[in-house]
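Heads up, the thing below is written out as structure tokens.
Any value given below was found using the heavy atoms of this structure, including those in side chains, with hydrogens, waters and symmetry copies removed. Note that the structure is predicted; figures quoted are calculated from it, not measured.
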Amino acid sequence: MGACRADWLKLGDNNMTPEFIFGDLAANYRFSSSDVAEKAILMFARIQECDWARKMQAPDSYDRLRKANLLAHW
């Protein structure tokens, strides 16, 4: 989904924005735990256009998830 598609972030296409992709993941696929959802927020926060994700993350998210080995590959 998203960045692998040619129409990613096409102006005027609200179906291929990071917000839409995150919402689709949350609504249709769900996250297996709150930690996994928080990790997804952190990953979206790395996208320049995703200020909304940076605003959603808790100040201690990265350190806490890293200590839980959920960010070991970063």
Distance, nearest 0.5 Å, that separates [atom1] of [X] from [atom2] of [Y]:
{"X": "Q57", "Y": "L42", "atom1": "CD", "atom2": "CG", "answer": "5.0 Å"}
{"X": "F44", "Y": "R46", "atom1": "CZ", "atom2": "CZ", "answer": "13.0 Å"}
{"X": "C50", "Y": "I21", "atom1": "SG", "atom2": "CD1", "answer": "10.5 Å"}
{"X": "D51", "Y": "M56", "atom1": "CG", "atom2": "CE", "answer": "12.0 Å"}

Check: Can you check side chain to side chain contact (heavy atoms under 4.5 Å, CB included) on E38 and R64, steps first, answer last?
Finding: CA-CA 10 Å; E38 193 169 6; R64 193 170 33 73; 2.6 Å; yes
Notebook entry, point to check: Less than 4.0 Å between a side-chain N and a carboxylate O, is that true for D35 and K39?
Noted result: no
Notebook entry, point to check: Any idea how F31 and F22 line up, ring-wise: parallel (<30°), tilted (30 to 60°), or perpendicular (>60°)?
Noted result: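 Taking F22 first and then F31, their aromatic rings sit tilted (interplane angle of 30° to 60°).
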Notebook entry, point to check: So, does R66 use its side chain to make a donor-acceptor pair with the main chain of S61 at under 3.5 Å?
Noted result: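 No; judged by distance alone, with no hydrogens or angles, the pair does not exist.
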